[in-house]
There are 2 protein chains.
Amino acid sequence: MTTTLLAVLGTGVVDASTPVARADDAGLIRGDGCFEGCRLRRDADGHVSIDKLEAHLARMSRSAAALAIEFDEPAWRGLVDEALAAWTGEDEAAVKLLLSRGSASAGVPSGFVWITDLGPDYARWRRDGITVVSLRRGIPATAFADAPWLLGGVKTLSYAINMAAAREAERRGVDDVIFVSDDGVVLESPTSTVVWATGTATDGRTLHTTPTGDTGILGGTTQHRLYANAAEAGWRTTYTLAAVDDLHAADAVWLVSSVRGPVEVTELDGKARVRMPEVDAEIRRLAGF
Amino acid sequence: MTTTLLAVLGTGVVDASTPVARADDAGLIRGDGCFEGCRLRRDADGHVSIDKLEAHLARMSRSAAALAIEFDEPAWRGLVDEALAAWTGEDEAAVKLLLSRGSASAGVPSGFVWITDLGPDYARWRRDGITVVSLRRGIPATAFADAPWLLGGVKTLSYAINMAAAREAERRGVDDVIFVSDDGVVLESPTSTVVWATGTATDGRTLHTTPTGDTGILGGTTQHRLYANAAEAGWRTTYTLAAVDDLHAADAVWLVSSVRGPVEVTELDGKARVRMPEVDAEIRRLAGF
């Protein structure tokens with residue numbers, strides 16, 4: 001049974017330990033490329049697919065365009081199909097699609113599909129929720145207005161700050177981070193979208209998340225699906241510039257991402273939150289989890 | 001004659017087209033690592049060395065510590081020696097030292113030394129100077145205060161914004177960029193330090209550059225050497241929070257980096273600058289070029 005699988009653009013499935021990037025690959029030396037993190041599922045009939053594949057390919061196409069890297073969508077679809085057909089691991093797994101500007105000496109973009117088992121933490125996070133600390137992101141909430149070179153909303157490979165924030169969370173003994181702008185606006189998590197609920201005890205139940213655009217945050221594919229399904233289920237869905245205090249005052253807060261799904265925040269900046277198991281279960285279901 | 005050379009940490013010199021990073025290498029998938037760009041020179045006796053190697057290794061050690069990546073300095077010194085001994089290319093070349101957190105499946109950091117010829121642009125830039133546009137960096141000049149997770153001053157692999165800014169410069173028909181904070185402070189260039197001179201016609205001749213620290217800019221090894229030598233030659237050397245207008249008013253402005261050296265700015269935001277050939281020659285000499 002596979003636990004990791006690697007498929008290389010232009011080559012196909014290869015041994016997962018095969019080195020894929022040359023020493024002058026711009027993805028390696030400059031973080032100059034983009035990626036998607038997706039969820040693989042095998043259904044009861046044994047069919048393997050990627051959740052929201054169209055949304056992921058569309059976002060990757062936008063990221064590639066913002067970076068001026070060629071994105072050969074038919075080739076990517078073929079590579080994804082080949083990788084999924086070769087997967088013999090668990091019924092749920094994480095899939096990374098990675099596109100780099102490539103090696104100057106090779107002269108073409110490099111890309112690959114990487115599939116791995118989830119590991120034990122995911123079940124725990126989904127069941128028990130997560131503890132979170134808010135961290136300053138060093139930018140105002142309007143940082144990305146009219147400055148395309150700052151790559152707002154582009155899911156680049158340059159995630160060193162996101163990884164450093166995750167290490168800071170670990171140092172503080174919590175699971176994850178919510179980035180806040182220097183003018184106090186809730187932005188996003190290093191690898192998730194922040195969503196919160198208000199009015200759940202009334203007929204005014206509303207989901208909130210931070211607007212994309214000037215804030216530079218990434219539009220979440222799972223948040224989009226959640227919003228579409230929640231609207232059909234009678235929720236109001238809004239884009240809100242909020243402060244951390246608004247999260248404290250909210251009925252429930254989730255970090256939402258494609259592989260982990262929505263996970264409820266059970267503690268924020270040291271303050272425990274009262275869990276809302278029924279609302280949490282509904283939100284997970286509406287997000288496809 | 002070599003024109004590119006690759007040496008891999010733990011392995012040594014290999015064919016330069018050998019792929020070096022696995023698909024789960026954190027340097028590739030997260031820009032999670034650090035690097036140095038250095039200048040190789042062969043002296044009249046045929047001895048090949050790296051300029052300011054100690055300063056580069058010291059900065060790489062600091063970058064690695066900030067990222068919590070092991071930096072095995074003796075191993076790196078051995079690898080650099082091996083690479084330099086194998087170099088049979090031009091008398092001046094660019095050397096990249098790259099350290100990544102590595103592949104989770106391999107469990108150790110990955111690193112390599114990559115040497116390449118300079119190409120024809122370097123001679124032209126040094127001789128003719130460069131044209132520059134200032135671009136907003138989306139952060140205030142104090143963004144990095146008390147926020148080590150923002151990795152201020154750390155030379156990470158997450159350079160996607162730097163590369164996007166370089167493409168923006170190309171779109172605008174200029175050679176390079178000076179980043180400016182959202183509160184109007186001159187920061188740095190995507191791959192250089194900004195240095196400017198005032199008082200060159202008087203006995204008050206002074207070199208200025210932006211302070212590191214809260215600004216998050218990288219301390220330049222070539223700027224440091226320039227400052228040390230300039231102080232001995234009678235220049236005052238200061239760290240100044242300046243505006244773009246201060247650059248317009250300065251006697252001369254340079255972008256200073258390890259491989260290209262100091263190159264004089266001949267145009268800033270569309271305004272031509274009067275060149276100062278004698279001062280420029282002195283600054284290049286004081287910086288070791």
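Only a predicted model underlies this, so the values are computations on that prediction, with no experimental measurement involved. By convention in this document, chain letters (A, B, ...) are assigned in the order of the sequence lines, proteins followed by strands, and residues within each chain are numbered from 1.
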Could you tell me whether the side chain of A:R136 and the main chain of B:A145 form a donor-acceptor pair under 3.5 Å?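 It does hold such a pair.
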Is it the case that the side chain of A:S158 and the backbone of B:A160 share a donor-acceptor pair, with hydrogens and angles ignored and the cut-off at 3.5 Å?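 Yes; at least one donor-acceptor contact below 3.5 Å.
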Rounded to the nearest 0.5 Å, what separates atom [atom1] in [X] from atom [atom2] in [Y]?
X: B:T156; Y: A:R30; atom1: OG1; atom2: CZ; result: 10.5 Å
X: A:T116; Y: B:D24; atom1: OG1; atom2: CG; result: 9.0 Å
X: A:L151; Y: B:N162; atom1: CG; atom2: CG; result: 10.0 Å

Tell me, side chain or backbone of [X] under 4.5 Å from chain B's heavy atoms, or both, or neither?
X: A:I139; answer: both
X: A:L67; answer: both
X: A:S110; answer: neither
X: A:A66; answer: backbone

More than 12 heavy atoms of other residues, nucleotides or ligands under 6.0 Å from CG of B:D146: yes or no?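 Open.
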Is any side-chain heavy atom of A:F112 closer than 4.5 Å to a side-chain heavy atom of B:I29?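 Of all side-chain heavy-atom pairs linking B:I29 with A:F112, at least one is under 4.5 Å.
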Below 4.5 Å, heavy-atom pairs only: which of [options] has the largest tally toward chain B?
options: A:A68, A:A166, A:A23, A:A143; answer: A:A23
options: A:A164, A:A21, A:A16; answer: A:A21
options: A:A26, A:C34, A:G31, A:G138; answer: A:G138
options: A:A165, A:P148, A:S17, A:A106; answer: A:S17

Any idea which of B:D32, B:V8, B:L6, B:L157 has the most non-hydrogen atom pairs under 4.5 angstrom with chain A?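 Result: the option with the highest number of such pairs is B:L157.
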Chain A interface, residue from B:V154, B:V20, B:T18 that has the most non-hydrogen pairs under 4.5 Å: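 Maximum pair count with chain A is reached by B:V20.
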Run the side-chain hydrogen bond (donor to acceptor under 3.5 Å, both in side chains) test against B:E188 and tell me which residues pass, sequence neighbours left out.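 For B:E188 there are no side-chain hydrogen bond (donor to acceptor under 3.5 Å, both in side chains) partners, ignoring immediate neighbours.
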Pull out the residues in residues 169-185 of chain B that come under 4.5 Å of chain A, heavy atom to heavy atom, sorted by number.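 Within residues 169-185 of chain B, the residues that come under 4.5 Å of chain A (heavy atoms only) are B:R172, B:F179, B:D182.
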Segment of B:F35 engaging chain A (4.5 angstrom heavy-atom cut-off):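 For B:F35, the side chain is the part near chain A, not the backbone.
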Looking only at heavy atoms, what is the nearest atom pair of B:L28 and A:D25, with distance?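 Answer, listing the atom of B:L28 first, then A:D25: CD1-OD1, 4.5 Å.
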